[in-house]
Enquirer: 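Questions regarding the structure given below will be posed in turn.
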Amino acid sequence: MLDIRNLTKEYGKYKAADDVSFAVGSGEIGILLGPNGAGKSTVIKSIAGLLRYKGKIFINGKESRSTEAKKVFAYVPELPAMYEALTVREHIDFIIHAYHVQAGEDEVRSLLERFELQDKQNKLGDELSKGMMQKVSICCALIIRPQVILLDEPMVGLDPAAIKELKQVILELKEAGVTVLISTHMLEMVKDLWDIMFVMEKGHIVAAYRKSEVKEEDLEELFFHVTEGDHGKEDRTGEGA
């Protein structure tokens, strides 16, 4: 489970995230949706421990900065970064050793094949396209078998086959009881994935919806409705926006 309570991140007088609170349960896919500049990446980076912030974040009941929480947490950033001198396979091996994961050769091979990296595993980080770097980042996150995983704009830069495979992986994680949070501004990419959706605008969560309570054809209309200024409306979960 992922639980964010009163998260606030300030840059001078500007609040990129202003008293943000929401939760995603085990076996749920949560979507943090909003236009560019809404504050989504600030929230994601705070959860990932990359920013200092005010508030509390809990991962499976453990404070997010704790070693126990970090062991079960994985993060796929919007802009993948790789070590120039390490190969694709060495990146995965590095994560395996860093997290003390018991991962066999078959498991690694299956993951590489799934994302069409088996013939790229000896390429260095600086030899890869952004799309291939994104695939490596996804593989590194999955190899630790996380209980909570965050993905920031994960489908940007991926080819259609990789997008299809990633969506299938996300659904498999859900079935395995993993908590998934995806940050995106691309509603079309995630409309068939979500269980609970949080709409963010100008540093605030302005609405939250459960899939069981929203018709698919109404989703786009609801998104544009709440991001065009009608923030006083109570959300579909019964909580204030």
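Numbers here are sequence positions counted from 1.
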Enquirer: For K164, look at atom NZ and say whether over 12 heavy atoms of other residues, nucleotides or ligands are found less than 6.0 Å away.
Expert: no
Enquirer: Report yes or no: do M132 and V108 belong to one cluster of Ile/Leu/Val/Met/Phe/Trp/Tyr joined by side chain heavy-atom distances under 4.5 Å?
Expert: yes
Enquirer: Do D93 and L86 have side chains that approach each other closer than 4.5 Å (heavy atoms only, starting at C-beta)?
Expert: no
Enquirer: Mark yes or no for whether S21, through its side chain, and R5, through its backbone, hold a donor-acceptor pair below 3.5 Å.
Expert: no
Enquirer: In Å and rounded to the nearest 0.5 Å, what is the CD to CZ distance from E165 to R114?
Expert: 4.5 Å
Enquirer: Quick check on the hydrophobic clustering: are L7 and L50 connected, directly or via other members, by side-chain heavy-atom contacts under 4.5 Å?
Expert: yes
Enquirer: Are more than 12 heavy atoms from other residues, nucleotides or ligands located less than 6.0 Å from atom NZ of K174?
Expert: yes
Enquirer: Any non-hydrogen side-chain atom of I138 less than 4.5 Å from a side-chain atom of F115?
Expert: yes
Enquirer: Is L124 close to Y83 at the side-chain level, that is, under 4.5 Å between some pair of heavy atoms?
Expert: no
Enquirer: Determine the minimum heavy-atom distance between M133 and P80, stating which atoms define it.
Expert: CE-O, 3.3 Å
Enquirer: Could you check R210 against E28 for salt bridge (Lys or Arg N to Asp or Glu O under 4.0 Å), going step by step and ending with a plain yes or no?
Expert: CA-CA 11 Å; R210 282 208 168 269; E28 284 192 326; 2.8 Å; yes
Enquirer: Got a second to check how far M155's CE is from Q134's CD, nearest 0.5 Å?
Expert: 10.0 Å
Enquirer: Heavy atoms only: give me the nearest S64-I59 pair and the separation to one decimal.
Expert: CB-CD1, 4.0 Å
Enquirer: Let me check something: do V169 and I163 share a hydrophobic cluster, defined by ILVMFWY side-chain heavy atoms less than 4.5 Å apart, either directly or through other members?
Expert: yes
Enquirer: In Å, rounded to the nearest 0.5 Å, how long is the span from CE of M189 to CG of L158?
Expert: 8.5 Å
Enquirer: So that I can tick it off, tell me whether K211 and D192 are bridged by a salt bridge, with the cut-off set at under 4.0 angstrom between side-chain N and carboxylate O.
Expert: no
Enquirer: State whether the side chain of H204 and the backbone N or O of M200 hold a donor-acceptor pair below 3.5 Å, judged by distance alone.
Expert: no
Enquirer: Is the shortest heavy-atom distance from the side chain of L150 to the side chain of V76 under 4.5 Å?
Expert: no
Enquirer: Verify, without hydrogens or angle tests, whether S46 (side chain) and T42 (backbone) share a donor-acceptor contact under 3.5 angstrom.
Expert: yes
Enquirer: Can you find a pair of side-chain heavy atoms, one from I96 and one from I144, that are under 4.5 Å apart?
Expert: no
Enquirer: Are V72 and I47 co-members of a hydrophobic cluster defined by side-chain heavy atoms under 4.5 Å apart?
Expert: yes
Enquirer: Is the shortest side-chain N to carboxylate O distance from K54 to E10 below 4.0 Å?
Expert: yes
Enquirer: Find out whether K191 and L33 are in side-chain contact, i.e. whether some heavy atom of one side chain is under 4.5 Å from a heavy atom of the other.
Expert: no
Enquirer: Against the six-membered ring of Y11, is R52 placed for a cation-pi contact (under 6.0 Å from the centre, within 45° of the normal)?
Expert: no
Enquirer: Are R89 and E105 within salt-bridge range, i.e. N to O under 4.0 Å?
Expert: yes
Enquirer: Test your reading of the model: is there a side-chain donor-acceptor pair from N6 to the backbone of G55, 3.5 Å cut-off?
Expert: no
Enquirer: Rounded at 0.5 Å granularity, tell me how far CG in L173 sits from CD1 in I29.
Expert: 8.0 Å
Enquirer: Inspect the contact between R145 and E107 and indicate whether a charged nitrogen and a carboxylate oxygen are less than 4.0 angstrom apart.
Expert: yes
Enquirer: Let's go through K135 and D159 carefully: what are the C-alpha distance in whole Å and the side-chain angles of both, what is the deciding distance for salt bridge (Lys or Arg N to Asp or Glu O under 4.0 Å) to 0.1 Å, and is it a yes or a no?
Expert: CA-CA 10 Å; K135 291 180 183 181; D159 56 76; 3.3 Å; yes
Enquirer: Would you mind telling me which of L111, I92, V136 makes a side chain to side chain contact (heavy atoms under 4.5 Å, CB included) with L117?
Expert: V136
Enquirer: Just wondering, do V178 and Q147 contact through their side chains at under 4.5 Å, heavy atoms?
Expert: no
Enquirer: Give, for atom NE2 of H185 and atom OG of S41, the distance between the pair rounded to the nearest 0.5 Å.
Expert: 10.5 Å
Enquirer: Does K9 have more than 12 heavy atoms from other residues, nucleotides or ligands lying within 6.0 Å of its NZ?
Expert: yes
Enquirer: Quick one: do D152 and K40 make a salt bridge, cutoff under 4.0 Å?
Expert: no
Enquirer: Walk me through whether L181 and I44 qualify under side chain to side chain contact (heavy atoms under 4.5 Å, CB included).
Expert: CA-CA 9 Å; L181 179 63; I44 293 294; 3.8 Å; yes
Enquirer: Looking only at heavy atoms, which two atoms of F198 and A208 are closest? And how far apart?
Expert: CD2-CB, 3.8 Å
Enquirer: Determine, using the 4.5 Å side-chain heavy-atom cutoff (strictly less than), whether F58 and V43 are members of one ILVMFWY cluster.
Expert: no
Enquirer: Hey, does K167 have a side-chain heavy atom less than 4.5 Å from the side chain of L193?
Expert: yes
Enquirer: Where do Y99 and F73 come nearest, in terms of heavy atoms and distance?
Expert: OH-O, 4.0 Å
Enquirer: Can you tell me if CD on E127 sees more than 12 non-hydrogen neighbours from other groups inside 6.0 Å?
Expert: yes
Enquirer: What closest approach, in Å, do T8 and D18 show between heavy atoms, and which atom pair accounts for it?
Expert: OG1-C, 4.1 Å
Enquirer: Looking only at heavy atoms, what is the nearest atom pair of E90 and A85, with distance?
Expert: OE1-O, 4.0 Å
Enquirer: Test side chain to side chain contact (heavy atoms under 4.5 Å, CB included) on V156 and M186 and set out the steps.
Expert: CA-CA 9 Å; V156 175; M186 302 169 68; 3.8 Å; yes
Enquirer: Measure the CG-OG1 distance between L32 and T184 for me, rounded to the nearest 0.5 Å.
Expert: 9.5 Å
